[in-house]
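Structure first, then comments.
All ligand and atom numbering here is 1-based and tracks the order in the structure.
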Amino acid sequence: MSGAREPIGVIGTGYVGLVTAAGFAHLGSEVYCIGIDADKIARLQAGEIPIYEPGLAEMVEANRDRLHFSTQIDDALEHARLLFVAVGTPPTYSGDADLSAVRAVVEAIPASDRHALVMKSTVPAGTGASIKRVLAERGKTELAYVSCPEFLKEGSAVKDFLNPDRVVIGDEGDWAGDAVVELYAPLDAALVRTDIASAEMVKLASNAFLATKISFINEIANVCEETGADVIEVARGMGLDERIGHKFLQAGIGFGGSCFPKDVNALKQLAGNSGYHFQLLNAVIEVNELQKRRVIGKLQKHLGSLVGRTICLLGLAFKPNTDDMREASSLVLTARLQADGAKVRVYDPVAEHEARTLIPAVHFASDALDAADGADAVVLVTEWEEFVALDWAQVAGRMAGKLVLDGRNALDVGAIRAAGLTYEGIGRGTLTQVS
Ligand SMILES: NC(=O)c1ccc[n+]([C@@H]2O[C@H](COP(=O)([O-])OP(=O)(O)OC[C@H]3O[C@@H](n4cnc5c(N)ncnc54)[C@H](O)[C@@H]3O)[C@@H](O)[C@H]2O)c1
């Protein structure tokens, strides 16, 4: 490509597709973004960003002249050799990954010795091999294939694109793998170049490991509640061991999001389909489900029956700095609270639009104080900075009751107590006893 950056195509314009497109445009590539949702593509062409991701709108705006949005895959095929695939792979009823969008893309690419599919979507190990088989059946043997799994985190996706911990590229040692290595070279990241199946497995195993770490500390938190220990102190002491580390040792009300639940399940199913019973992952999933529901028991411990009680949920998105509601703990919580007869008031700084179609019959408040109005208990569900910084005297003034349930162990216990409120966190045995 003699000096100039390689132009690329990006198929799928969601969280991963848009960030990948904007990121490579920022590095100097012409990027041809292809989507199936004509309405969304029209909004992108008009300069509107359909998702909330810090820094993304600015990066798209700064590189508008290099970003081209279209519903026609031919626009990408004409200009680019590398076609990054970033379509969704949601779970099916069986827990396996739904690869129908990936298959649709594979079918849409014509026979060509000039193009390569670069798989960013998270797919089961073995998918690359089966796609290559399908391509061979269709007479598309010359089409190259690269696995390039994505590790960005929603909420810091732009930063993660520019400073990845590693770039994993699985290929067959051909031109396409070399071209993807070249594309990522300016980021100067640790590179793992390997075979396709191993690259696919790095992604699934990484997410499964992180989910395991979360379920582990959540179980430690539950034991702390029985023994009077404080899980924050325990995690602080554990995390200093460099073999363990501090990250993903924050106890809370369970993990959600578009990746962990589905990828853990997909790995469990992948193992099961080949006859291996992945016992550890069964436990990780079950612990997570129970953890979301433990909030109800804590509320009942303080309030008795929840019938007619008003519960305020602060935060709905599965984590701060995103509007993504996929598998958010708030979905299970609202359903359980409503099943127990409670009235639910909710507030989230950016996820309300997404949440309105998913959470029926709750009061969507205009801000945190409005959400706390008349509440018997306030539950921190998503640790947005504005909730951490709340004036608890003002919150107390709006509440009917006194309970603050800190589902993310993120709040200032002293400030909450000074406001005359009762604090309960997750796994904070010592605190609960001295209150
Ligand atoms: N969101 C994350 O944090 C994250 C991180 C790493 C990996 N991943 C993986 O990346 C993939 C995409 O995730 P996402 O969160 O960006 O999903 P998303 O739902 O936000 O976006 C997927 C996009 O693909 C589009 N699409 C579907 N079929 C298409 C087709 N045939 N042609 C063109 N576009 C099509 C959809 O319209 C949608 O815009 C998934 O496999 C996911 O597991 C996601």
(request) Tell me whether the centres of the aromatic rings in Phe209 and Phe248 are closer together than 6.0 Å. (result)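 No, the ring centres sit 6.0 Å or more apart.
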Exercise. Verify the ring-centre separation between Phe24 and Phe161: is it less than 6.0 angstrom?
Key: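 Under 6.0 Å, so yes.
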Find all atoms of ligand 1 within a distance of less than 4.0 Å from any non-hydrogen atom belonging to [X], and give their numbers and elements.
X: Ile11; answer: 32 (N), 33 (C)
X: Cys259; answer: 2 (C), 3 (O), 4 (C), 5 (C), 8 (N), 44 (C)
X: Thr89; answer: 40 (C), 41 (O), 43 (O)
X: Gly88; answer: 22 (C), 24 (O)
X: Gly12; answer: 24 (O), 25 (C), 33 (C), 34 (N)
X: Ala101; answer: 28 (N)

Side chains of Arg166 and Ser206: any donor to acceptor distance under 3.5 Å?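 Short answer, yes.
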ask   = Are a donor atom and an acceptor atom from the side chains of Gln291 and Asn222 found within less than 3.5 Å of each other?
value =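 Yes.
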Original post:
Taking the side chain as C-beta and beyond, is there a heavy-atom pair between Val10 and Ile34 under 4.5 Å?
Top reply: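 Counting from C-beta outward, Val10 and Ile34 never come under 4.5 Å.
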Practice problem: Please tell me if the side chains of Ile359 and Leu316 come closer than 4.5 Å, counting only heavy atoms from C-beta onward. | Solution: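 Result yes, sub-4.5 Å side-chain heavy-atom pair found.
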Which option wins on minimum heavy-atom distance to [atom]: [options]?
atom: atom 2 (C) of ligand 1; options: Met119, Glu154, Arg103; value: Glu154
atom: atom 17 (O) of ligand 1; options: Glu107, Lys153, Lys40, Arg326; value: Arg326
atom: atom 42 (C) of ligand 1; options: Lys262, Lys203, Glu53; value: Lys262

Taking the non-hydrogen atoms of Asp37, is any one of them nearer than 4.0 angstrom to ligand 1?
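Flag not set, Asp37 not near ligand 1.
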Practice prompt. Give the contacting part of Ser121 toward ligand 1: side chain, backbone, both or neither, where contact means a heavy-atom distance below 4.0 Å.
Written response: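 Both backbone and side chain.
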